[in-house]
Amino acid sequence: VQWCIQTGNTLLQLLPLNDTGYDFAPYNCVSSFALDPMYLSLQSLKEVNIVPFKKDIRELRQKFKNSYNKVDYAIKQRKIEILWRIYKRSYTKGIRRFDKFIEDNNYWLNDYAIYKVLKHINGGESWESWAEFFREKNEESIMKFESENIEKIHFHYWMQWQLYEQLKGLKKYALEKGVLIMGDIPYLVSRDSCDVWSRRNYFELNLQSGAPPDMYFANGQRWGMPPYNRAALESDGHKYFKDRLRYAENFYDIYRIDH
């Protein structure tokens, strides 16, 4: 934002900030709602005491120093490990903004957090290879799993709340400085995503999206993401897309929908 002010720019366009999968591709996200924890500022976390972790944060910054103009994506897991330790030492009960965030976003947040914990427990394997009762979202099995893993599930709630607070604060700051933030909304999501696992009726899993041949790809492209079941989306007034865009409005003044 400061750079935009200095250079006379009033519009800052970002790549997608959604939680990415194993390939860290911004257009192959595992959730069209959740933001990626690697973007969290550890120094700006809400309602926590980071003093006991200052040494860890310094070491993290030194280890992943941006000296080659490239991102070492190993930072994501290292950052999450520190965030887990911070969370374990923080008292989160009674934080009204956090409670309200959970209540307002339960329509996507609960499925996402359960998906992330299940994926971790299954060694990162795709939801399609999980045990049938988890793969098919058996209600009784999911409820039992949730009660047994409530702390880990709430950790994902907490990270998403922290991201929400930080990115929403950034939007406010930028607007006060006369800079608009333009977000990038991937139209498609990864086949191995929370969206597909939890909203399977919206996707054509027997098909794969891609692009026809062009001057760059003589054989065309196969992206692998499933196309949408348009009839299912239309049947409830495109609620899925409305919810996605409504949540994105917390962080962006303008957005482009890619592909």
Side-chain angles (χ1 to χ4, degrees), residues 1-7 9 12-31 33-92 95 97-98 101 112-113 115-117 119-124 149 151-174 176-177 179 181-184 186 190 250-252:
V1 172
Q2 287 295 333
W3 179 84
C4 286
I5 294 166
Q6 292 168 15
T7 55
N9 285 283
L12 174 62
Q13 181 178 344
L14 305 175
L15 285 169
L17 300 179
N18 300 85
D19 192 359
T20 54
Y22 69 93
D23 58 357
F24 296 100
Y27 296 99
N28 193 35
C29 55
V30 301
S31 170
F33 295 91
L35 302 174
D36 201 302
M38 67 181 162
Y39 297 123
L40 271 173
S41 166
L42 297 175
Q43 288 84 358
S44 304
L45 296 172
K46 302 281 187 183
E47 304 287 345
V48 300
N49 177 20
I50 65 164
V51 172
F53 303 96
K54 281 190 172 180
K55 182 174 180 289
D56 298 299
I57 294 170
R58 280 197 305 271
E59 289 175 354
L60 186 75
R61 185 181 288 116
Q62 186 62 36
K63 180 174 176 57
F64 292 95
K65 200 171 183 179
N66 185 16
S67 55
Y68 303 104
N69 294 318
K70 290 174 68 178
V71 174
D72 181 350
Y73 285 106
I75 193 172
K76 178 175 178 176
Q77 186 54 40
R78 289 291 303 276
K79 213 171 196 180
I80 288 173
E81 288 167 5
I82 294 176
L83 285 162
W84 171 248
R85 300 210 311 273
I86 293 172
Y87 172 77
K88 290 275 284 182
R89 287 191 57 161
S90 301
Y91 190 74
T92 59
I95 302 174
R97 289 172 70 91
F98 182 32
F101 172 78
Y112 164 77
Y115 167 86
K116 290 290 285 188
V117 178
K119 193 164 180 63
H120 177 73
I121 286 173
N122 282 277
N149 294 274
E151 186 179 32
K152 292 175 183 176
I153 289 168
H154 274 247
F155 172 57
H156 287 282
Y157 287 0
W158 179 79
M159 283 196 293
Q160 289 304 312
W161 171 62
Q162 295 286 357
L163 284 155
Y164 170 87
E165 292 284 352
Q166 290 187 11
L167 268 294
K168 194 165 184 178
L170 171 61
K171 178 188 174 186
K172 182 175 182 291
Y173 172 80
E176 289 169 352
K177 301 295 183 182
V179 177
I181 295 181
M182 182 173 179
D184 200 338
S190 174
N250 288 302
F251 317 116
Y252 312 127

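Just so you know, these numbers use all the heavy atoms, side chains as well, and skip hydrogens, waters and symmetry mates. Computed from a predicted model, the values in this text were never measured in an experiment.
Of the options R97, K171, K172, a salt bridge (Lys or Arg N to Asp or Glu O under 4.0 Å) to E165 is made by R97 and by none of the others. Of the options L167, L17, L163, L14, a side chain to side chain contact (heavy atoms under 4.5 Å, CB included) to F251 is made by L167 and by none of the others. Here the rule is side chain to side chain contact (heavy atoms under 4.5 Å, CB included) with L42, and of D56, V48, L60 only L60 fits it.
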Margin query: Please evaluate residues Y87 and T92 with respect to the criterion side-chain contact (heavy atoms from CB on, under 4.5 Å), reporting the C-alpha separation (whole Å), side-chain torsions for both, the decisive distance (0.1 Å), and the verdict.
Written below: CA-CA 8 Å; Y87 172 77; T92 59; 4.0 Å; yes
Note to self: I'd like to know whether L35 forms a side-chain contact (heavy atoms from CB on, under 4.5 Å) with M159, so could you lay out the CA-CA distance, the side-chain angles of the two residues, the decisive distance to 0.1 Å, and finally the verdict.
What the structure shows: CA-CA 9 Å; L35 302 174; M159 283 196 293; over 6 Å; no
Margin query: What verdict does the side-chain contact (heavy atoms from CB on, under 4.5 Å) test give for E151 and K88, after you've listed the backbone C-alpha separation in whole Å, the side-chain angles of each residue and the deciding distance to 0.1 Å?
Written below: CA-CA 9 Å; E151 186 179 32; K88 290 275 284 182; 3.3 Å; yes
Next item on the list: Determine, stepwise, if the pair D19 / K76 fulfils side-chain contact (heavy atoms from CB on, under 4.5 Å).
Entry: CA-CA 11 Å; D19 192 359; K76 178 175 178 176; 2.8 Å; yes
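One finds the CD1 atom of I57 at 5.0 Å from the CD1 atom of I86 (value rounded to the nearest 0.5 Å). With rounding to the nearest 0.5 Å, the separation of OH in Y173 from CD1 in I181 is 11.0 Å. A distance of 12.5 Å separates CD in Q77 from CH2 in W84, rounded to the nearest 0.5 Å. Here the CZ atom belonging to R78 is positioned 6.5 Å from the CD1 atom belonging to I82, to the nearest 0.5 angstrom. For the atom pair OH (Y252) and CD (Q13), the distance works out to 11.0 Å, reported to the nearest 0.5 Å. I50 contributes atom CD1, which lies 8.0 Å from atom OG of S41 (distance to the nearest 0.5 angstrom).
Between S90 and N49 the shortest side-chain heavy-atom distance does not fall below 4.5 Å. Looking at L12 and W3, their side chains never come closer than 4.5 Å, going by heavy atoms from C-beta outward. Within the 4.5 Å cutoff, no side-chain heavy atoms of K116 are placed close to those of I153.
Across all their heavy atoms, A113 and H156 have their closest contact at CB-CB, 3.8 Å. When every heavy atom of A34 is checked against every heavy atom of Q160, the shortest pair comes out as CA-OE1, 3.3 Å. Among all heavy-atom pairs drawn from P16 and Y39, the shortest one is O-OH, 4.2 Å. Scanning both residues, Y112 and S31, for their nearest heavy atoms gives CD1-CB, 3.8 Å. Nearest approach of P26 to P186, heavy atoms of both residues: O-CG, 3.7 Å. Heavy-atom minimum distance, W158 versus L83: CZ3-O, 3.6 Å.
Enclosure of atom CZ in R85 by more than 12 non-hydrogen atoms of other residues, nucleotides or ligands within 6.0 angstrom is indicated. The 12-atom threshold is not exceeded at NZ of K46, counting heavy atoms of other residues, nucleotides or ligands nearer than 6.0 Å.
Between Y164 and F101, the ring planes lie tilted relative to each other; the angle falls in the 30° to 60° range. Ring-plane geometry between Y73 and F24 is classed as parallel, the angle between the planes falling under 30 degrees on a 0 to 90 degree scale with a further cut at 60.
Side-chain atoms of K79 come within 3.5 Å of backbone N or O of M38 as a donor-acceptor pair. Remark: side-chain polar atoms of E47 are not paired, donor with acceptor, to backbone N or O of I95 under 3.5 angstrom. With hydrogens and angles ignored, the 3.5 Å screen pairs no side-chain donor or acceptor of K177 with any backbone N or O of V1.
A donor-acceptor contact closer than 3.5 angstrom links the side chains of D36 and T20.
For K55 and E59, the salt-bridge test passes: some basic side-chain N is under 4.0 Å from an acidic carboxylate O.
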